[in-house]
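Values below: all heavy atoms of this structure, side chains included; hydrogens, waters and symmetry mates excluded.
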Amino acid sequence: QVQLVESGGGLVQAGGSLRLSCAASGRIFSSYAMGWFRRAPGKEREFVAAIRWNSGNTYYVDSLKGRFTISRDNAKNTVYLQMNSLKPEDTAVYYCAVGAITDSRLYYYAERYAYWGQGTQVTVSS
């Protein structure tokens with residue numbers, strides 16, 4: 001069993017930055033992947049980024065490459081999402097998730113993740 005707690009969301013002006021954190025408790029195996037997803041009002045949940053726990057390899061949705069960066073601190077069992085140059089369309093609830101996903105091609109699919117945090121609201125004003 002893994003518990004995830006996100007933090008770091010809030011209200012920011014367009015062009016600003018935020019760093020989200022996701023603290024995991026419980027056993028995180030080296031083969032696990034940790035991902036960030038988001039759900040904007042009236043839209044489907046979408047993949048943002050993922051990181052493989054052991055190697056640190058990262059994966060992003062193409063539209064966010066260059067603005068968002070995922071990283072992890074193994075000692076703290078924490079994953080981060082650094083978000084720069086934020087836009088109003090980045091407004092969403094952001095969720096972290098963890099799953100025993102060995103094929104990186106599957107990182108993009110929410111149903112592959114077994115554990116989810118409660119989400120943290122990010123609001124970007126214009």
Side-chain angles (χ1 to χ4, degrees):
Q1 190 78 6
V2 177
Q3 291 80 42
L4 303 173
V5 179
E6 301 101 333
S7 61
L11 174 64
V12 64
Q13 288 189 330
S17 298
L18 282 175
R19 188 177 81 156
L20 305 183
S21 300
C22 175
S25 60
R27 183 78 180 271
I28 303 294
F29 292 93
S30 61
S31 61
Y32 278 16
M34 295 191 74
W36 286 98
F37 289 77
R38 68 183 184 183
R39 187 192 297 272
K43 294 188 176 181
E44 297 287 323
R45 180 173 49 186
E46 65 172 342
F47 172 81
V48 172
I51 188 166
R52 190 171 184 87
W53 195 250
N54 53 1
S55 65
N57 289 346
T58 57
Y59 305 83
Y60 298 91
V61 63
D62 287 344
S63 59
L64 296 177
K65 284 181 182 177
R67 290 199 300 123
F68 288 18
T69 303
I70 189 171
S71 61
R72 88 239 190 274
D73 184 331
N74 294 49
K76 295 182 178 180
N77 264 12
T78 299
V79 173
Y80 304 97
L81 185 69
Q82 178 68 42
M83 306 184 295
N84 298 328
S85 302
L86 283 163
K87 304 175 181 180
E89 51 264 44
D90 294 319
T91 294
V93 178
Y94 284 72
Y95 300 89
C96 70
V98 65
I101 312 168
T102 55
D103 186 344
S104 61
R105 294 172 296 179
L106 302 179
Y107 288 176
Y108 304 86
Y109 301 99
E111 59 267 27
R112 293 291 177 170
Y113 293 80
Y115 303 101
W116 291 80
Q118 81 288 352
T120 186
Q121 176 70 46
V122 172
T123 302
V124 184
S125 63
S126 57

Could you tell me if the side chain of [Y] sits less than 4.5 Å from the side chain of [X], heavy atoms only?
| X | Y | answer |
| --- | --- | --- |
| Arg67 | Met83 | no |
| Tyr108 | Ile101 | no |
| Gln121 | Thr91 | yes |

Original post:
Does the pair Thr69 and Tyr80 meet the rule for a side-chain contact (heavy atoms from CB on, under 4.5 Å), with working shown?
Top reply: CA-CA 8 Å; Thr69 303; Tyr80 304 97; over 6 Å; no
Distance, nearest 0.5 Å, that separates [atom1] of [X] from [atom2] of [Y]:
| X | Y | atom1 | atom2 | answer |
| --- | --- | --- | --- | --- |
| Gln82 | Ile70 | CD | CD1 | 12.0 Å |
| Arg72 | Cys22 | CZ | SG | 14.0 Å |
| Tyr113 | Cys96 | OH | SG | 11.0 Å |
| Trp36 | Leu20 | CH2 | CG | 4.5 Å |

Subject >> ring pair (Phe, Tyr, Trp, His ring centres under 6.0 Å) partners for Phe68, two or more places apart >> reply: none
Subject >> Pair Lys87 + Asp90: basic N to acidic O under 4.0 Å >> reply: no
Subject >> side-chain contact (heavy atoms from CB on, under 4.5 Å) assessment of Leu64 paired with Phe47 >> reply: CA-CA 10 Å; Leu64 296 177; Phe47 172 81; over 6 Å; no
Original post:
With no hydrogens and no angle check, is any side-chain donor or acceptor of Glu6 less than 3.5 Å from a backbone partner on Gly119?
Top reply: yes
Original post:
Counting only N and O atoms by type, is there a donor-acceptor contact under 3.5 Å from the side chain of Tyr60 to the main-chain atoms of Gly66?
Top reply: no
Subject >> Qualifying residue for side-chain hydrogen bond (donor to acceptor under 3.5 Å, both in side chains) with Arg52, from Tyr32, Tyr107, Tyr59 >> reply: Tyr107
Original post:
Just wondering, are more than 12 heavy atoms of other shown residues or ligands nearer than 6.0 Å to CZ in Arg112?
Top reply: no
Subject >> Residue Gln13 excluded, over 12 heavy atoms near CD under 6.0 Å >> reply: no
Subject >> Those residues that, when tested against Ala110, pass side chain to side chain contact (heavy atoms under 4.5 Å, CB included) (two or more places apart) >> reply: Phe37, Arg45, Trp116
Original post:
Looking only at heavy atoms, what is the nearest atom pair of Ala14 and Ser126, with distance?
Top reply: CB-CA, 4.3 Å
Subject >> Same apolar cluster: Leu106 and Val79, side chain cutoff 4.5 Å >> reply: yes
Original post:
Any link between Trp53 and Tyr109 through a network of hydrophobic side chains (Ile, Leu, Val, Met, Phe, Trp, Tyr) touching at under 4.5 Å?
Top reply: yes
Original post:
Met34 and side chain to side chain contact (heavy atoms under 4.5 Å, CB included): which partner among Thr78, Val2, Leu4?
Top reply: Leu4
